[in-house]
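Have a look at the structure below, then the notes.
FYI, the numbering just counts along the sequence from 1.
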Amino acid sequence: MSTLADLRPELVRPDARLHTAWLAEHAQWPPGSHRDGSGLGEDDDTAGPAGFAAWVERLLRCADPAVEPAPGRVHSTYRWIMAGGVCLGATELRHDLSPFLLEAGGHIGYSVRPDYRRRGLAGWALDAMLAEARGRGMERVLLTVTPDNAPSVRVIERAGGVLEDVRDTVLGPKSRYWITF
């Protein structure tokens, strides 16, 4: 198994030219599974090049302050975790918190494809997005996690997350952690 140092990952902007690599990553997930930080919705058609390109364009527009977010949404920056042409996961930095995000979603979401877990990629991606948050002038960020997701709890705590509370939300129980810069 490759280590994080062997992989030398990088965060890249979503790009329609990475369709084949993204499809290989997508195939590693159980059908219908939620992938935090990916921006992938149930209605997104990513199988063909045209649908994939439209989805990528939507992800990129989410960061544009000149474009009004969809109702209930906030501006977000999406990045894909790539290494050697292989898509390993995704992450999202939400620039603000809606009432829903304050309750259950947080500022940062991330997911690592199942066959590349346990290599430090989630912590690496979180650290990179925390740097991006600091660069945007954010003073603190909220991360939420299902309380029984021990690997993600460890990632958040190693990054300096301080548990505020555990509460029942529309998504089920969530542990809410703040990281202050």
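Side-chain contact annotation: His26 with Thr46, donor-acceptor N/O pair under 3.5 Å absent. No side-chain N or O of Tyr78 forms a donor-acceptor pair with one of Ser38 less than 3.5 Å apart. Glu157 and Tyr177 form a side-chain donor-acceptor contact under 3.5 Å, judged by distance and modelled atom types alone. No hydrogens or angles considered: nothing links the side chains of Glu103 and Thr169 as a donor-acceptor pair under 3.5 Å.
Side chain of Ser111 to main chain of Asp36: a donor-acceptor pair is present (N/O by atom type, distance under 3.5 Å, no hydrogens or angles). Panel note: side chain His75, backbone Val67; a donor-acceptor pair is recorded below 3.5 Å. A donor-acceptor pair is defined here as one N or O able to donate and one able to accept, closer than 3.5 Å; no such pair exists between the side chain of Asp165 and the backbone of Arg167.
Nearest heavy-atom pair, Ala63 versus Thr77, reported as atom, atom and distance to 0.1 Å: CB-OG1, 4.0 Å. Annotation for Pro9 and Ala83: closest pair CA-CB, 4.0 Å, computed over non-hydrogen atoms. Pro114 and Trp29 get closest at one heavy-atom pair: CD-CE2, 3.7 Å. For Asp127 against Ala159, the heavy-atom pair with the smallest separation is OD1-CB, 4.1 Å. In plain terms, the two heavy atoms of Gly106 and Thr144 that are nearest each other are N-CG2, 4.0 Å. Nearest heavy atoms, Trp124 versus Leu11: CH2-N, 3.5 Å.
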- Query: Taking it one step at a time, do Lys174 and Asp168 satisfy side-chain contact (heavy atoms from CB on, under 4.5 Å)?
  - Reply: CA-CA 6 Å; Lys174 291 290 180 179; Asp168 289 323; over 6 Å; no

- Could you go through the salt bridge (Lys or Arg N to Asp or Glu O under 4.0 Å) check for Glu132 and Arg79 one step at a time? CA-CA 11 Å; Glu132 190 148 339; Arg79 296 287 183 258; 3.5 Å; yes

- Message: With salt bridge (Lys or Arg N to Asp or Glu O under 4.0 Å) as the criterion, how do Arg113 and Glu25 come out once you've worked through the C-alpha distance, each side chain's angles and the decisive distance to 0.1 Å?
- Response: CA-CA 6 Å; Arg113 69 190 260 178; Glu25 187 263 351; over 6 Å; no

- Evaluate salt bridge (Lys or Arg N to Asp or Glu O under 4.0 Å) for Arg58 paired with Asp44, printing each intermediate quantity in order. CA-CA 10 Å; Arg58 181 178 62 78; Asp44 290 317; 2.9 Å; yes

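Each of Val12 and Tyr110 belongs to its own hydrophobic cluster when Ile, Leu, Val, Met, Phe, Trp and Tyr are linked at side-chain heavy-atom distances under 4.5 angstrom. The same ILVMFWY cluster, assembled from side-chain heavy atoms under 4.5 Å apart, contains both Leu40 and Leu60. At a threshold of 4.5 Å between side-chain heavy atoms, the hydrophobic network of Ile, Leu, Val, Met, Phe, Trp and Tyr places Val166 and Ile156 in one connected group. Under a hydrophobic-cluster definition in which Ile, Leu, Val, Met, Phe, Trp and Tyr are linked whenever side-chain heavy atoms come within less than 4.5 Å, directly or via other members, Met138 and Met129 are assigned to the same cluster. Both Met82 and Val56 sit in one connected hydrophobic cluster of ILVMFWY residues. Membership requires side-chain heavy atoms under 4.5 Å apart, directly or through other members.
Note that CG of Leu59 and CZ of Arg61 are 9.0 Å apart. Values are rounded to the nearest 0.5 Å. Remark: Arg140 CZ to His107 NE2 distance equals 8.5 Å, nearest 0.5 Å. Note: Ile179 CD1 to Arg134 CZ = 9.0 Å, rounded to the nearest 0.5 Å. Summarising the geometry, atom CZ belonging to Arg94 is positioned 9.5 Å from atom CG belonging to Leu142; distances are rounded to the nearest 0.5 Å. Atoms CG and CD, on Leu88 and Glu10 in that order, are 10.0 Å from each other to the nearest 0.5 Å. Here the OG1-CH2 distance, from Thr20 to Trp22, works out to 11.5 Å after rounding to the nearest 0.5 Å.
Looking at heavy atoms from C-beta onward, Leu126 lies in side-chain contact with Leu143 at the 4.5 angstrom threshold. The side-chain heavy atoms of Ile81 and Cys87, taken from C-beta on, include no pair separated by under 4.5 Å. Within the 4.5 Å cutoff, no side-chain heavy atoms of Val74 are placed close to those of Phe100. Side-chain atoms of Glu92 and Ile108, non-hydrogen and from C-beta on, never get closer than 4.5 Å to each other. Between Asn149 and Pro151, some side-chain heavy-atom pair lies under the 4.5 Å cut-off. Inter-residue side-chain proximity for Leu130 and Phe181 is flagged as met; some heavy-atom pair is nearer than 4.5 Å. Looking at heavy atoms from C-beta onward, Val153 lies out of side-chain contact with Thr146 at the 4.5 angstrom threshold. In this structure, Leu93 and Ser76 have side chains that are not in contact, with every pair of non-hydrogen atoms separated by 4.5 Å or more.
Ring geometry, Trp80 versus Trp55: the interplanar angle falls under 30°, so the pair is classed parallel (tilted spans 30 to 60°).
The number of heavy-atom neighbours closer than 6.0 Å to CZ of Arg73, taken from other residues, nucleotides and ligands shown, is 12 or below. Within 6.0 Å of atom CZ in Arg117, more than 12 heavy atoms from other residues, nucleotides or ligands are found, so the atom counts as buried in its surroundings.
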